[in-house]
Amino acid sequence: MLLSLHYDVSGTDFTCAGEASGKIKKALKELGFPASLIRNVAIAVYEGEINMVIHGGGGVIDAEISPECVSVVLADQGPGIPDISLAMQEGYSTAPDNVRQLGFGAGMGLPNIKKYTDEMIIESEVGKGTTIRLKVFVK
Amino acid sequence: MKISEIKSILNADLICGEEYLEKEVFTACGSDMMSDVLAYVKEQAVLLSGLVNPQVVRTAEMMDMKCIVFVRGKQPDTDIIDLAKEREIVLLRTSYEMFTSCGLLYKNGLKGGCGL
């Protein structure tokens, strides 16, 4: 293990959404990972972080960085996702209008996390929260 | 194309990032929807947007973009400017609308990526 990182994500301050993703991106850059891997991880975590603020009421992000793989767990205690396969469809969104006005809510968040990662597991329980586990391998 | 040429073509004001104006960029994209930028954009170095909030800078940061052009004369606040300075991203502001801004840059050689 090269590095473990932990961040708390506010569920109320949309302006800070992306702070944790930016820090993970910076850490990967300093460790000398390839630019394409760094961008894939950054986009996936950023999408997850945005989701956490929009839907999850905030949460925690834990990243484990090894020479072979970057693993990130994003966990919130929000309302949960009733139908994960529906939420994974491109274009499906439950984001409110105020979020759309900020440039998000196109229904691309979860599909995008899948697109930019090698492994993505979503566990969600209605009323309890959602956890996303993602991995990007160093090729 | 240098970022300084984008500034000149769009008759744009420099908001921050003077030290990076001589950086070369080859591709750009225009969108007010950050979700789409994150989903569809690849390797573009310049983002044109009429949306003004910190997430525009953060989106550009995640995508390794070098310059954001705010169209329609949109002025970012100091928090957004500070965020861009920290991330070494040039901010420009033009009074041209999105369509005109993109058209002028495309006509002058900036491409949309994917060879187009």
Side-chain angles (χ1 to χ4, degrees), chain A residues 9-10 13-26 28-29 33-54 72 88-95 98-117 136, chain B residues 23-72 74-89 91 98 113-114:
Chain A
V9 178
S10 161
D13 190 356
F14 192 75
T15 59
C16 287
E19 200 66 44
S21 318
K23 284 178 180 163
I24 291 170
K25 184 174 197 265
K26 196 170 169 225
L28 291 172
K29 204 171 173 183
F33 281 89
S36 58
L37 173 137
I38 295 174
R39 195 170 53 201
N40 289 349
V41 172
I43 295 170
V45 178
Y46 181 52
E47 290 278 20
E49 193 176 351
I50 291 281
N51 272 348
M52 227 176 220
V53 179
I54 296 173
V72 184
M88 286 299 298
Q89 284 180 17
E90 287 188 10
Y92 178 81
S93 174
T94 56
N98 63 333
V99 168
R100 290 171 202 262
Q101 282 161 13
L102 293 167
F104 292 91
M108 296 305 295
L110 292 178
N112 231 5
I113 295 174
K114 190 169 178 63
K115 179 177 160 186
Y116 286 104
T117 56
V136 179
Chain B
K23 276 189 180 173
E24 283 277 353
V25 291
F26 301 98
T27 53
C29 71
S31 180
D32 287 355
M33 184 51 100
M34 295 304 107
S35 293
D36 282 351
V37 175
L38 290 163
Y40 301 115
V41 170
K42 279 186 184 175
E43 308 288 346
Q44 275 84 341
V46 182
L47 171 62
L48 294 96
S49 187
L51 188 71
V52 184
N53 69 50
Q55 300 311 328
V56 179
V57 177
R58 294 200 193 272
T59 298
E61 175 194 2
M62 302 310 159
M63 306 298 287
D64 294 324
M65 290 171 157
K66 297 179 174 67
C67 173
I68 299 168
V69 182
F70 292 107
V71 299
R72 306 193 288 274
K74 299 286 177 111
Q75 173 64 37
D77 64 22
T78 51
D79 288 349
I80 298 173
I81 296 169
D82 289 344
L83 204 58
K85 282 180 184 167
E86 279 171 28
R87 275 123 185 105
E88 300 179 1
I89 295 170
L91 296 186
M98 177 72 95
C114 309

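Numbers restart at 1 for each chain; the letters A, B, ... are given by sequence-line order, proteins then strands.
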Asks: Under 4.0 Å between a Lys/Arg side-chain N and an Asp/Glu carboxylate O for B/R58 and A/E19?
Replies: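 Result for this pair is yes, salt bridge flagged.
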Asks: At a heavy-atom separation under 4.5 Å, does B/N53 approach chain A through its side chain, its backbone, both, or neither?
Replies: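 Looking at B/N53, just its side chain touches chain A.
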Asks: Which one, B/M63, B/E61, B/M62, leads in non-hydrogen pairs under 4.5 Å with chain A?
Replies: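 Looking at each option in turn, the highest pair count goes to B/M62.
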Asks: Apply the test side-chain contact (heavy atoms from CB on, under 4.5 Å) to residues B/V52 and B/V56: give CA-CA distance (whole Å), side-chain angles for both, the deciding distance (0.1 Å), then the verdict.
Replies: CA-CA 7 Å; B/V52 184; B/V56 179; over 6 Å; no
Asks: Tell me, for B/S31 versus chain A, whether the close heavy atoms (under 4.5 Å) come from the side chain, the backbone, both or neither.
Replies: neither
Asks: Would you check if the side chain of B/D32 reaches a backbone N or O of B/G50 as a donor-acceptor pair within less than 3.5 Å?
Replies: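 Indeed, once roles are kept as given, a pair shorter than 3.5 Å links the two residues.
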Asks: Short question: side chain of A/R100, backbone of A/G105 - any donor-acceptor pair under 3.5 Å?
Replies: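 Yes: the side chain of A/R100 pairs with the backbone of A/G105.
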Asks: side-chain contact (heavy atoms from CB on, under 4.5 Å) between A/E49 and A/I24: does it pass, once the steps are laid out?
Replies: CA-CA 12 Å; A/E49 193 176 351; A/I24 291 170; over 6 Å; no
Asks: For B/K66 and B/V46: C-alpha separation, side-chain torsions, deciding distance, then whether side-chain contact (heavy atoms from CB on, under 4.5 Å) applies.
Replies: CA-CA 6 Å; B/K66 297 179 174 67; B/V46 182; over 6 Å; no
Asks: Using a strict threshold of under 4.0 Å (side-chain N to carboxylate O), is an ion pair present between A/K29 and B/D64?
Replies: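 Salt bridge absent between B/D64 and A/K29.
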Asks: Based on non-hydrogen pairs under 4.5 Å, which of A/I38, A/V41, A/I43 is most in contact with chain B?
Replies: A/I43
Asks: Checking A/Y116 against chain B: side chain, backbone, both or neither under 4.5 Å from a heavy atom?
Replies: side chain
Asks: Tell me, out of A/R39, A/E90, A/E47, A/M108, who's got the most heavy-atom pairs with chain B below 4.5 Å.
Replies: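 Heavy-atom pairs under 4.5 Å are most numerous for A/R39.
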Asks: Quick one: what part of A/F104 sits under 4.5 Å from any heavy atom of chain B, side chain, backbone, both or neither?
Replies: both
Asks: Go through the atoms of B/L38 and report whether side chain, backbone, both or neither lie under 4.5 Å from a heavy atom of chain A.
Replies: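 Both parts, backbone and side chain.
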Asks: Heavy-atom pairs under 4.5 Å with chain B - which of A/A17, A/G22, A/A42, A/G109 has more of them than the others?
Replies: A/A17
Asks: Of all of A/P111, A/G107, A/A35, A/S21, which one pairs up most often with chain B through heavy atoms under 4.5 Å apart?
Replies: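 Looking at each option in turn, the highest pair count goes to A/S21.
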